[in-house]
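Read through the structure below, which is laid out as structure tokens, and then see the notes.
Positions are given from 1, in the same order as the sequence printed here. Quantities reported herein were computed from a predicted structural model and do not represent experimental measurements. Because only heavy atoms are used, hydrogens play no part in the values below, and waters and symmetry mates are left out as well, while side chains stay in.
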Amino acid sequence: MFFTKKKQEKQTWNLAKGIGRIAIPDGAEVKKQLEMIGLTTDDLDVIHALQPFINEKLDMIVNQYYWSLEQEQSLVNIIHDHSSIDRLKSTMKQHLLEMFSGVIDEEFIEKRKRIAFIHVKIGLPTKWYMAAFQNLLLSIISILVEQLPNKDNCHSAIIAVTKILNFEQQLVLE
Ligand code: HEM
């Protein structure tokens, strides 16, 4: 299966099977959460294959993301009280790349628990966290639509991305 980037970027990308990995013990509740949304290792293969596409557009995604946060003064205040836009931009870039590693293991779960703890500590209302996620999703979808001219590939990519973002929200908002 090939995901082919637009001609002008002169890249063709092979989707490698068997890279995606779910390393969660059987019987763990998170495993059932994955099953409920149908997030499989095939989806994680796709997620991993998308990582270079995300990497190439990281600045655009993150700039758009923070531009939208800046429209809400209460969020700007939270950021200035606890961090800075520049620091969070670099945190978010790192986080996005990790999100597209194609691996879900204990470390992945623990990191989301820490993110949840931090956002509770800074008093971030859930509605703004959800809104921020939607913004990320829309940016990523527009990149995929632009970069993946093959309809089936683009469809698989969007499905896989919505699953991984949904899973992350399940973990953070629990
Ligand atoms: C910290 C991700 C939404 C404000 C973080 C960290 C991550 C992260 C990965 C670093 C956690 C760590 O150090 O281990 C996300 C994601 C979001 C989101 C994926 C939704 C898409 C927001 C929103 C705000 C926000 C809407 C608005 C105020 C902060 C602040 C910190 C932080 C201020 C730093 C806290 C500190 O260093 O004490 N976020 N975040 N986040 N986030 Fe978010």
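Taking both residues in full, the closest heavy atoms of Ile22 and Thr40 are given as CD1-C, 4.2 Å, listed atom of the first, atom of the second, then distance. Between Ala157 and Leu144, the shortest heavy-atom distance links the atoms CB-CD1, 3.8 Å. The two residues Ile47 and Met99 make their nearest non-hydrogen contact at CG2-O, 3.7 Å. In terms of heavy atoms, Gln64 sits closest to Ser139 at CG-OG, 3.5 Å. Minimum heavy-atom separation, Lys31 to Asp26: NZ-OD1, 2.9 Å. Pairing each heavy atom of Leu88 with each of Tyr66, the nearest pair is CB-OH, 3.1 Å.
Asp45 places a side-chain N or O within 3.5 Å of a backbone atom of Gly18 that can act as its donor or acceptor partner. Under the 3.5 Å distance criterion, the side-chain polar atoms of His119 are left unmatched by any main-chain donor or acceptor of Leu124. Counting only distance, with no hydrogens or angles, the side chain of Ser84 and the backbone of Arg87 share a donor-acceptor pair below 3.5 Å. A donor-acceptor pair under 3.5 Å is formed between the side chain of Gln169 and the backbone N or O of Leu165.
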### Message
One pair to check against side-chain contact (heavy atoms from CB on, under 4.5 Å): Phe133 and Glu168. What are the steps and the verdict?
### Response
CA-CA 10 Å; Phe133 242 97; Glu168 169 135 348; 3.5 Å; yes

#### Entry: Candidate pair Asn77 and Gln73, rule side-chain contact (heavy atoms from CB on, under 4.5 Å), full reasoning
CA-CA 6 Å; Asn77 295 344; Gln73 189 56 43; 2.9 Å; yes

### Query
Could you go step by step and tell me if Ile115 and Leu171 meet the side-chain contact (heavy atoms from CB on, under 4.5 Å) rule?
CA-CA 9 Å; Ile115 293 172; Leu171 297 173; over 6 Å; no

### Query
Run the side-chain contact (heavy atoms from CB on, under 4.5 Å) check on Met130 and Leu173 step by step: do they pass?
CA-CA 9 Å; Met130 298 279 296; Leu173 296 177; 3.3 Å; yes

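Linking Ile, Leu, Val, Met, Phe, Trp and Tyr whenever their side-chain heavy atoms come within less than 4.5 Å puts Leu96 and Ile158 in one cluster. Two different hydrophobic clusters hold Ile19 and Phe100 under the rule that ILVMFWY side chains link at heavy-atom gaps under 4.5 Å. Transitive grouping of hydrophobic side chains (ILVMFWY, heavy atoms separated by less than 4.5 Å) brings Leu97 and Met92 into a common cluster. Under the 4.5 Å side-chain contact rule for hydrophobic residues, Val46 and Ile141 share a cluster. Phe117 and Val30 fall into different hydrophobic clusters, defined by Ile, Leu, Val, Met, Phe, Trp and Tyr side-chain heavy atoms under 4.5 Å apart, directly or through other members.
Leu69 is listed as a side-chain neighbour of Tyr65, based on a closest heavy-atom distance under 4.5 Å. In this structure, Val172 and Lys113 have side chains that are not in contact, with every pair of non-hydrogen atoms separated by 4.5 Å or more.
Note that CG of Asn150 and NE2 of His155 are 12.0 Å apart. Values are rounded to the nearest 0.5 Å. With rounding to the nearest 0.5 angstrom, the OG1 atom of Thr91 is 10.5 Å from the CG atom of Asp86. Atom CG of residue Asp42 and atom CD1 of residue Ile159 lie 13.0 Å apart, to the nearest 0.5 angstrom. For the atom pair Ile140 CD1 and Asn135 CG, the distance stands at 9.5 Å (nearest 0.5 Å). To the nearest 0.5 angstrom, Ile85 atom CD1 is 4.0 Å from Ile79 atom CD1. Between Leu50 atom CG and Leu44 atom CG the span is 11.0 Å, to the nearest 0.5 Å.
Look at Lys93 and Asp59 and you find a salt bridge, because one of the NZ, NE, NH1 or NH2 atoms lies within 4.0 Å of a carboxylate O, short of that distance.
Screening residues 154-167 for salt bridge (Lys or Arg N to Asp or Glu O under 4.0 Å), with sequence neighbours left out, gives Asp43-Lys163.
Taking a 6.0 Å sphere around CE of Met60, one finds it holds more than 12 heavy atoms contributed by other residues, nucleotides or ligands. With a 6.0 Å radius and a threshold of 12 heavy atoms from other residues, nucleotides or ligands, Gln71 has its CD atom above the threshold.
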Donor-acceptor pairs under 3.5 Å, side chain of residues 104-111 to any protein atom, not counting sequence neighbours: which ones?
residue: Asp105; atom: OD1; partner: Glu107; partner atom: N; Å: 3.2
residue: Asp105; atom: OD1; partner: Phe108; partner atom: N; Å: 3.0
residue: Lys111; atom: NZ; partner: His95; partner atom: ND1; Å: 3.2
residue: Lys111; atom: NZ; partner: Glu98; partner atom: OE1; Å: 2.9

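Checking Asn166 against Gln170 by side-chain atom types alone, a donor-acceptor pair falls below 3.5 Å.
Residues passing the side-chain contact (heavy atoms from CB on, under 4.5 Å) test with Glu174: none are found, sequence neighbours excluded.
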